[in-house]
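Values below: every heavy atom of this structure, side chains too, minus hydrogens, waters and symmetry copies.
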Amino acid sequence: MPRKYWLLKTEPETFSFDDLLRAPAKTTGWDGVRNYQARNFLRDQMKKGDRVLIYHSNADPPAVVGEAEVAREGYPDPTQFDRRDDHYDPESSPDEPRWYQVDVKAVRKLPTPVPLPLIRETPALRKMALVQRGQRLSVQPVTEAEYATVVALGEAAK
DNA sequence: GCCAACGTTGGC
DNA sequence: GCCAACGTTGGC
C-alpha cells in the first residue's frame, strides 16, 4: 500500500502546530472529530506513515503551516466516553464506538506558511478539496502532487 | 459579527 | 422518507 496524503484542519487557538511540536514525542491523538465522513477516513483509510498537511482554520490568514505523519492508525476517540469533555457522546459505547482518531506526529514546520489565498490562486491546487465551494470537512484526502506543491510553496522564500 | 453552506435532528 | 428547523463550520 503506497503512502497516502491528507490534510487535517485545526483551529490554532484550540490546538496549533506549535502545540504539536511541544507535545511529548511531538505526537498527539487527533481527537474530537465528529463528522461521519471524516470518521471513516480516520478509522479506515489513514495508515501509519501517511503524510499530513496541518491547516490552521479560523486563523488570519488561514494557512497550511506544517507537515506531520500518521503515527498510530485509527482507534476509538476516548473523549466520546468522557462526560466532562466537550466531545462527549452519550449515544456511543465502548462496545460499539462511534468516533475514531489517529495519532499524528509532527514532521516539520514549513519555512513559510502557505495561506489559503495563495492555495486558491495556484493552478495546480485548483482541485484540492480545501478550495472547493462549501467544503468543511476537517479530514481531507490530498493527492501526492498537491501535497508536493503545497510543500514547495512553503519552502519558497517570502 | 455576518452569513453561506452544510450536516443533523425530529415531526409528521 | 420528506423537509423545515436548527446548530456548526469557517471565510471574510
Can a side-chain donor-acceptor contact be found between [Y] and [X] if the only test is distance below 3.5 angstrom?
X      : Y      : answer
S92(A) : Q80(A) : yes
S93(A) : D95(A) : no
D82(A) : T79(A) : no

Taking any heavy-atom pair under 4.0 Å as a contact, classify R120(A): base, sugar-phosphate, or nothing. sugar-phosphate
Please list, pair by pair, any protein nitrogen or oxygen found under 3.5 Å from a nitrogen or oxygen in nucleotides 7-9 of chain C.
unit_1: dT8(C); atom_1: O2; unit_2: R136(A); atom_2: NH1; d: 2.8

For atom CD1 of I119(A) and atom P of dG10(C), their distance in whole Å: 14 Å
Below 4.0 angstrom from OP1 or OP2 of dC6(B), is there any side-chain N or O of Y36(A)? no
Of all residues at least two apart in sequence or in a different chain, which pass the ring pair (Phe, Tyr, Trp, His ring centres under 6.0 Å) check with F81(A)? none
Does the ring center of Y100(A) lie less than 6.0 Å from the ring center of W30(A)? no
